[in-house]
4 protein chains.
Amino acid sequence: MNERGLKGLESRMRLLEAAAAEFARNGFHETKISTIVKKVGLTQPSFYIYFSSKEAIFEELISEFHSNLKKLIESKRLEDNLEHMDLSNRLAEIVENVFLFLKKDPNLTRIGFSLNPKADDLIADLTIILKNNLTTEQQFGYFRPEIDMEIVAKCISAVILHLSFIYVIPGIKDTKSLSLQLVDLFLQGMLNEND
Amino acid sequence: MNERGLKGLESRMRLLEAAAAEFARNGFHETKISTIVKKVGLTQPSFYIYFSSKEAIFEELISEFHSNLKKLIESKRLEDNLEHMDLSNRLAEIVENVFLFLKKDPNLTRIGFSLNPKADDLIADLTIILKNNLTTEQQFGYFRPEIDMEIVAKCISAVILHLSFIYVIPGIKDTKSLSLQLVDLFLQGMLNEND
Amino acid sequence: MNERGLKGLESRMRLLEAAAAEFARNGFHETKISTIVKKVGLTQPSFYIYFSSKEAIFEELISEFHSNLKKLIESKRLEDNLEHMDLSNRLAEIVENVFLFLKKDPNLTRIGFSLNPKADDLIADLTIILKNNLTTEQQFGYFRPEIDMEIVAKCISAVILHLSFIYVIPGIKDTKSLSLQLVDLFLQGMLNEND
Amino acid sequence: MNERGLKGLESRMRLLEAAAAEFARNGFHETKISTIVKKVGLTQPSFYIYFSSKEAIFEELISEFHSNLKKLIESKRLEDNLEHMDLSNRLAEIVENVFLFLKKDPNLTRIGFSLNPKADDLIADLTIILKNNLTTEQQFGYFRPEIDMEIVAKCISAVILHLSFIYVIPGIKDTKSLSLQLVDLFLQGMLNEND
DNA sequence: TATGAATGAGCATTCATTCAT
DNA sequence: TATGAATGAATGCTCATTCAT
């Protein structure tokens, strides 16, 4: 009775896409529903067939992005494959996966990490998973025991996010080599050993 | 008409403070002039005696913050005192100085690095100075020659900012030890040398 | 196209019922077609198969109610049976009949006498019939000749309606005894004759 | 600081008046703020300087009307002057006072007794006061003891209201003689004593 | 230096209604 | 007989800003 047909589903999808683009470019408040529907070729009331409010569509975009990202991170637990690759490569692969995910939909990435209250929570979540992984490795003796892995996790999160915005999403740097360089930096440090 | 009496100057100051607090808490668009003036005990027209528009007061807050921060960074060029301290400590001191600056006025820090277009420029500026410093050191042989100092500079910028927001401004961690840990991480890396 | 099948007729009926309930509870403007059709399990376009507009269904409800009520009143002309009962009982019976009619469908009663322009006309119609009856009786010498029967008729109309809403429809008072009390009040007055 | 000057107070007053006229003519939902302000020669935002919402101005009109009417009724307690006039005249005077009050501002009267939820409460309040008065008289032996004064009070309320709308407010009947006729009807009844 | 009063421009949202199927 | 999809036309309300004083 309230079933959505194919055409309706497509309109909904196109609204979501258009909204993502607008929110990403202008933020929540400067984004107008009139603009979104115009892009899609609909009128304002149609918007409210599919979404109950401006907040609702924003929320929907964010929460799906967040849950997908969390899923990705959680699936990448280090313990699963501690053996079958050397440490650097395993880490680099994880980092690259995150880069690729964030690059896939730049609009969502921008919205998901914009000044919306839940962005901080998301970063915190990601950081926790990262920290757990790193702590495990540390207990295996791979990392210096005196390092506070909480801080490291927070550093890495910040770095991945920032580099995503300035290098990965704009396509300025290759994700593979960037990941390797990052891992190398964090693993080896900058110091010249010869000194 | 442009002669500022004492009372006027004070009203202006209080408006700036109130605006900083509001912008920091709610962002640009959700901040209402009516709220700002109410906090200060003035009426809306009074606002326009001192600032030509909402954008103007925002701009004024940001640009002073930005220029102060730039001044700080530029004053901390490494070359100036390459000798009189060992590398780690010199770096840590610089980092701590930035931490302390950002902690001094959390509202401004939040505004200055919010999603306002100039935040990216500011970060870029800071990163350039940092990169120049690091490159100099690298040429002196302190750092591994194969490292891309541009990337490193960007990592460090991101890390300093992020840790400022989650650790320094809330007062959760001591700036001195945090700076030292950061420098240690970036200089030595995480790897356990014994391996 | 105008052949009504069984199912269609039933849908129409159920829409009328649902509409009556909604109009009674919320009035015309606060009643939404979307609510009506939802209650019936239909969609909005289906509504327009049976009724040309929101006004149309409202009008249909009202006018049937009005014509039924008029029919009732007109059928109760006093002259028809001036003899076969004493005056009080004849009057009380008429009053009770109206009470029972109004109680039968509270929703319709509420709608029919709500602030819709025709409510006043209806009351005026009822009042005229009442007045004619009373005048007849007056000419027969039953009532004091100096009384203005127009005013009395209007009083009685108002009283019947009001008591319907507060006593009869809620079922708080028995219609028979209430009718008798009313008739007694209007016939004998309140004064204590012993004084 | 938020003080209203003379001009502001006048604008507020004129908005109240215009709103009363509109609400009375069209009811709550069909009354548009745009119409109200146009009548007063203001723009829509000005409306919100003085009233927080459409509901608020409606509420203000109603509640002032209600409280004034209650004040009037309460001031007219019979006990105060049981002796100094004969019963009929005292009662008629009270009724006439209510007529005059309701006639004074027909718009408010219409709004105050329209389909707004509190109208019923108001009528109930008035009825209670009336009933108390009547019961007192009854205990003094003026009225027949078998009469249920609750019902009488409700009848009188309904009658006064209805006659106000159809006779008093339109100016069709003189309030003084109408009051007397009403009192006579309720006191003496309609029956011809000679029978 | 400050304010009471007012406004232009805009935006989210609602609802009865229609059209193609 | 019914529905999925869409819309025209409003409307309440907000906010930065101005003007006269």
Side-chain angles (χ1 to χ4, degrees), chain A residues 1-12 29-35 37 41-55, chain B residues 1 3-12 29-37 41-55, chain C residues 1 3-12 29-37 41-55, chain D residues 1-12 29-35 37 41-55:
Chain A
M1 193 167 298
N2 223 351
E3 312 267 325
R4 299 236 173 274
L6 213 74
K7 201 177 168 202
L9 280 179
E10 206 207 297
S11 290
R12 210 186 120 90
H29 286 93
E30 292 217 292
T31 291
K32 291 149 206 165
I33 303 228
S34 60
T35 312
V37 293
L42 290 175
T43 57
Q44 300 219 29
S46 300
F47 177 90
Y48 293 91
I49 295 173
Y50 301 107
F51 306 97
S52 62
S53 70
K54 188 179 166 186
E55 272 82 9
Chain B
M1 187 177 292
E3 311 273 324
R4 303 254 175 254
L6 211 73
K7 203 176 167 200
L9 277 179
E10 206 207 298
S11 289
R12 209 186 121 89
H29 287 96
E30 293 217 286
T31 291
K32 303 187 265 183
I33 301 223
S34 60
T35 311
I36 296 173
V37 293
L42 289 175
T43 56
Q44 303 213 27
S46 302
F47 177 91
Y48 292 90
I49 296 172
Y50 302 107
F51 306 97
S52 61
S53 70
K54 187 181 170 185
E55 271 81 9
Chain C
M1 190 178 292
E3 313 272 325
R4 301 255 176 252
L6 211 75
K7 203 175 166 201
L9 277 179
E10 207 208 297
S11 290
R12 210 185 122 88
H29 287 97
E30 291 216 288
T31 291
K32 303 186 263 181
I33 301 223
S34 60
T35 311
I36 297 173
V37 294
L42 288 176
T43 57
Q44 304 214 27
S46 302
F47 176 91
Y48 292 89
I49 295 173
Y50 302 108
F51 306 96
S52 63
S53 70
K54 187 180 168 186
E55 272 81 9
Chain D
M1 195 167 298
N2 224 351
E3 313 266 325
R4 302 234 172 276
L6 213 75
K7 201 177 169 202
L9 279 179
E10 207 207 297
S11 290
R12 210 187 119 91
H29 285 95
E30 291 216 292
T31 291
K32 291 150 206 165
I33 304 229
S34 60
T35 311
V37 293
L42 289 176
T43 57
Q44 299 220 29
S46 299
F47 177 91
Y48 292 91
I49 295 173
Y50 301 107
F51 306 98
S52 61
S53 69
K54 188 180 166 185
E55 272 81 10

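To find a chain, count down the sequence lines: A is the first, B the second, and so on, and within it residues start at 1. The figures here come from the full heavy-atom set of this structure, side chains too, leaving out hydrogens, waters and symmetry mates.
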Listed partners of A/Glu10 passing side-chain hydrogen bond (donor to acceptor under 3.5 Å, both in side chains), at least two apart: none
Contact letters for nucleotides 14-21 of chain F, in which S counts primed atoms plus P, OP1 and OP2 and B counts the base, heavy atoms under 4.0 Å: BBSBBB--
Results of ring pair (Phe, Tyr, Trp, His ring centres under 6.0 Å) for C/Phe51 - residues two or more places apart only: C/Phe47
d(CD, A/Glu10; C1', F/dG4) in whole Å: 14 Å
Identified stems (criterion: three or more consecutive Watson-Crick or G-U pairs, under 3.5 Å), DNA chain E: E:2-21 with F:2-21
Set of side-chain hydrogen bond (donor to acceptor under 3.5 Å, both in side chains) partners for D/Gln44, sequence neighbours left out: none
Residues which pass side-chain hydrogen bond (donor to acceptor under 3.5 Å, both in side chains) with C/Ser46, listed by chain and number, not counting sequence neighbours: C/Thr43
D/Ser11: side chain to side chain contact (heavy atoms under 4.5 Å, CB included) partners, not counting sequence neighbours: D/Leu42, D/Tyr50
Given E/dA2, F/dG8, E/dA6, the nucleotide with the shortest approach to the side chain of D/Ser11: E/dA6
Touch class at under 4.0 angstrom, heavy-atom based, for D/Tyr50 against every strand present: sugar-phosphate
Candidate nucleotides E/dA6, F/dA2, F/dA5, ranked by approach to the side chain of A/Lys7 - the nearest: F/dA5
Whole angstrom value for the distance that separates P of E/dC15 from CZ of C/Phe51: 21 Å
Comparing D/Ser46 and B/Ser46 on DNA chain E - which has the more 5′ nearest nucleotide: B/Ser46
Heavy-atom closest contact (B/His29 atom, B/Lys54 atom, distance): O-NZ, 3.7 Å
Sugar-phosphate, base or nothing in reach of D/Ile49, heavy atoms under 4.0 Å: base
